[in-house]
Each structure stands twice: as structure tokens, then as C-alpha cells.
Amino acid sequence: MKNHFYTILFLLLAPMALRSQGDPLPRGFSPEELLWLSENKPVPGAAAFGITDPPPVPVRAMAEWEEMQAMVITWRSYKPILAQIVQVVKEEVRVVIINSNLAACQSELDGYGVDWQTGNVEFLQAPSNSIWIRDYGANPVYLNGVDSLALVDWIYNRPRPLDDIVPDAVGEYFGLPVYSTTEAPYDLTHPGGNNFSDGMGTNFSSKLVLDENGVNNQWGTSNHTEEGVDSIMRRFYGIDRYVKFTNLPYDGIHHIDMHMKLLNETTLLVGEYPEGVPDRAQIEANIQYLLDNFTTPFGTPYRVIRIPMPPENGIYPSFGAPLRTYVNSFIVNKTVLLPTYEEQYDTTALRIWHEAMPGYNIVGINCNSIIPAGGAIHCIVKEVGVQDPLLIQHHPLEDITGANPPAYEVNAWIRHRTGIVGVTLFYTTDTVATYQSLDMSLVEPDSNRWSASIPQQPEGSTVYYYIHAESNSGKQVVRPLVAPEGYFKFFIHPLTAAKEAQPALLGKVFPNPASALTCIPVETATGGQADIEISDLLGRKVETVFSGKLPAGTSRHYFRADGLAAGVYQVVLRSESGVQAQKIMVK
């Protein structure tokens, strides 16, 4: 019955599809699609399947590091890469392969040496247009936080109507409700590659989400203000805070997963270009904007890990050219799928990933063939969360840099639909030795916060720890999922003498030339009074950016360049150690 339904659906929608599109289609627009849009032809809209009203109860978007039951891919192109993904991931979760010809798909898997017959590989026959299921696939959410799994489907931002109905096929296959933002007033266009959730109500995207739903949108949908976009995301996706970054000038598709990834609730992995490379300045300005204007759900600063973006033949991308990235990866339970390109660059990326995700199985897959199409690993896979989540949310402890306290408090927010019977904290200073255990206590029933304190350890020690929880139903989960082989850790620095007073230093202002939000970094070891001003080349003050006491360490201050007339200005730092100035071009 299912196959008959999708055969009929294909016949209905095929006339709407762009008939001469080649395969593989890029992650961005094909030349024919660009022509289609330039001629102002009506774009095939999303079929109004699914449930078009918001979920009747509050929902929580799933984070990628949470427990999964399955991964879904579309078997269309770049099949050697897909075959490697299937071979690795079937050892972790079920792999569901969307295909239009079952016998051919299975034969090709045989040709690539993938054992699909011994379990965990499943096949869903349904029509599609392209491989990029990250962008058009359904997004897992939990009703009432942890009660039951559902899917949320946005309108795909490409004129590919068969792709846009894949979420309904997936929902039917797993027996899950699909909530669909396809009808006004909740119609919303949003590719999945421009979306990250921390599982705690915070979402990250580029401002593409505003461009594609505003007054100049190309999809024939409602014109939504930023408040309107936020409202739809809150109703369907459970988002309380929506962080939107300025689009990068040269990345072409403006999908955040090409240069940023959340590793947990408090840590971001961010791609980094060398000085002078296009997009470096805007990435840095975006990250500093985040650090200075937002905190983690626990009220602390975000931790940022940098990873180099590798060149191709010594050349970095510009003006929409394809870009290599180590950020476009996929976390699937205890394994990380990492795009690789050349050993001379891959070695550094693998080291950074192993340090950031200890205990995880980091698997590199060569993506040189697919990256010219504008995507890599994350773009061609989609997760399906477990039906029965035992959720552990945790703020990893930071290194101890001052006086060594008598104990180190560990807090975790833990939920299951049947309740929690017990939580245990395991810790050690030697991962070869046996972990010691502590019972955690439910200290805040209303917020589900559990707590225990690791006793004081010697200065110079590294403390490794993980959390184990059990529900009333008997389900057990650890956090991180790879524990005890993987862990959280913090280092206890030896107490040293206070730093001597050092002058305030004016860092490199970016982006420069400037046209919008612009960052002024200042560094001082001990703080002190300072003024930061914008002046013209004759020294006349145009604007005061900051006046007061600088905090110790690095601080960042912002001004809006679009409020100034085009021309050359000076950023001036006046502090107790003197005056420093730096020229900046406003365009």
C-alpha cells in the first residue's frame, strides 16, 4: 500500500519538477533552477501533507549528540561515500535507505562491499530529487520534552517537490506524526543545514532564515518578520532563543553547518581561515557577537574550539566557490563521521576532533568528490531520535585556575517519561585506574536537577568524570554516550602569583573594510579605565564606543559601521598606558 501511495504521488508531482534536471543535483541551485527563478516562474510549492497545525503540547528539538535509533539517507548520487557511511553507521543504529529501485540499490551495495543482509540496513522505496536529505528531511522533536517522538518538516528551499515530501514517507515508515510548516499562517521555508539546536531551547542559523521568509522570498509563501519566524519555530520546534548570524559573503549557500557545529550544550566547533581569506572576518565577527551577547543555557560563556578550513591546491574559496570543511560532520551515538581531503590537513583535523570528543570513534570519509557540489557528510544524512529518551543535560566543569576549592559540584538535568530512580557520578584522576562513584541527589525536583560534589583533588591533576542515570522503567544511559571510554574532564592549575599589571592592547578590528556590526578586541591582564572612540582622520571624535573599566582578559566592543558615512576612520583606545589607534575603512 505504501509503495502504491508514493507511485501515485510521483505521478501527481512529476509535472511540477524541473524535467531536465541532471543527477546529481548540487546542494545549491542547478543552472536550470537559477534560470527558473530569474524568470519569476512559480516555484513548485510544498505538498500540504502532514499536520499543518502546531503540536498541541510544548515540544523540544533534539540535539545531535542525543541518543539515536536510526539514520536516513537517499540513495541517488555520490554512492561510494554513501556506501562507506552505511558500512560504519549500521554498527551504531538502523540505517534506512530511501531508494526508487530496490534491486539496483541492493546490487550496488553488494558492489561496494556493504553487508546489508545481516541486520540494521533497511529500505524505503519513495521518489526523490536529490541526495541532500539534511536540507529537506524531517527534524526530530519530543512532545513535552521527553514524552514521545515526532517529526517537524519545513518547506525545502529548492524547487524540488519530490524531495519536499520525503519527510512524509519517513514519518509513515517510522509511524511518527509529521508536523508540517506548509500552510499559512505557519508556512516557513528552512533548510536543515542552516539549523542547529542545543536540545535546551536555543537554535542557531544564519540570517538566510530571515531572507527566505521575508518580503523578498522566492517561494510564494507568507512574508514573515523576524518575530514571525521566531514564533513559528517556537510553536513547532520548541525554540526559546534563536541566534541568527550574519551571512558569510562568499560561502554561496549560507548554511551554518559548513563552518560551525555544536558539540554539546556549551561547546562550538568553528572553522577558521587564515588572515586575508574571504569569510574569515565575518566568521570571527559572528562568533564574537555570540560570545558577547549570549550565554549557554546554564548562564556561562560558550567555549569555542577552532579547526582549520583546508585549501584545495593551496587555494581557498571566494565568491561562492566550493569550500572544504571539517565542520560538516555527523555525530551518531558513539561515532563521528568526519569529511577528509588530504593527509597533510586531515591529520590536524583528526587530532582536534579526538581531543574535543574523547572516546568517540572518529571515522574519516574522503569527500573530495562531493564537496564541489556544496556539501559533505552532514548534508547527506538525517537522524531519527530514540522513541524512549532518557535525557541527561550537563554543563561540563571548567578548569580550576584560582584557589583549589574543597569540592567540585557537578550538576545534571535528567528526565524520563517514567521518572528517574537513581543517578551516579563516576570520577577518577587516572583513566587506567578504577572510577570512584558518588550518588547524585535530586536537589531541585521542579527543574529535574541532580547534584553531587567530587572531593578536592591535588593541584596539577586532571579529573575525568561521567554521569549514569536509570529510569523507573529500567532504562539506563550514560553521558557522554561513550563513557567510560569517553568522559568530561577538567584540570586543576597550580596556584600562581597574581599577574603583574600590563598595558591594554588594541587588537585587530574586524571586519575591515566594515559595513555592518564591527568588532574591536581589547586585551589587558589586569583591566583598568579606558575609552574607545571612533574619530575621523583629523582626530575629531565621531562616536564613543566604550567608556569605563575594562575587564581583565580579552573584551570585545562593537559599533555599527552602517551608521557612518563611507570613508576612512580611526579606532582610538585611550587607557592608563597611553593611546593606540587603528585605521578602518567604512564602505
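Quick note: numbers below take in every heavy atom, side chains included, and nothing from hydrogens, waters or symmetry partners.
The distance between the ring centers of Tyr435 and Tyr466 falls below 6.0 angstrom. Ring centers of Phe294 and Tyr289: under 6.0 Å apart, within the cut-off.
Under the 30°/60° scheme for interplanar angles, the aromatic rings of Phe204 and Phe245 are found to lie parallel. Between Tyr464 and Tyr487, the ring-plane angle classifies as perpendicular under the 30° and 60° cut-offs. Note on ring orientation: taking the six-membered ring where Trp is involved, the planes of His378 and Phe330 are tilted (angle from 30° to 60°).
Side chains of Pro480 and Tyr360 form a contact here, defined as non-hydrogen atoms less than 4.5 Å apart.
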Side chain to side chain donor-acceptor pair (under 3.5 Å) evaluation trace for Asn195 with Asn203 = CA-CA 7 Å; Asn195 184 80; Asn203 220 56; 2.5 Å; yes
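In this structure a side-chain-to-backbone donor-acceptor pair under 3.5 Å is present from His416 to Thr418. Listed for the Asn247 side chain is no donor-acceptor partner under 3.5 Å among the backbone atoms of Ser206. In this structure, the side chain of His394 engages the main chain of Asn411 through a donor-acceptor pair within 3.5 Å.
Here the closest non-hydrogen pair linking Met233 and Tyr242 is CG-CE1, 3.7 Å. Smallest separation of non-hydrogen atoms from Gln282 and Pro249: CB-CD, 3.9 Å. Taking each heavy atom of Met68 and Ile331 in turn, the nearest pair found is CE-O, 2.9 Å. Of all the heavy atoms in Pro521 and Cys519, the pair that sits closest is CD-O, 3.6 Å.
No more than 12 heavy atoms of other residues, nucleotides or ligands sit less than 6.0 Å from atom CZ of Arg303.
A cation-pi arrangement is absent between Lys489 and Phe491 under the rule of less than 6.0 angstrom and at most 45 degrees off the ring axis.
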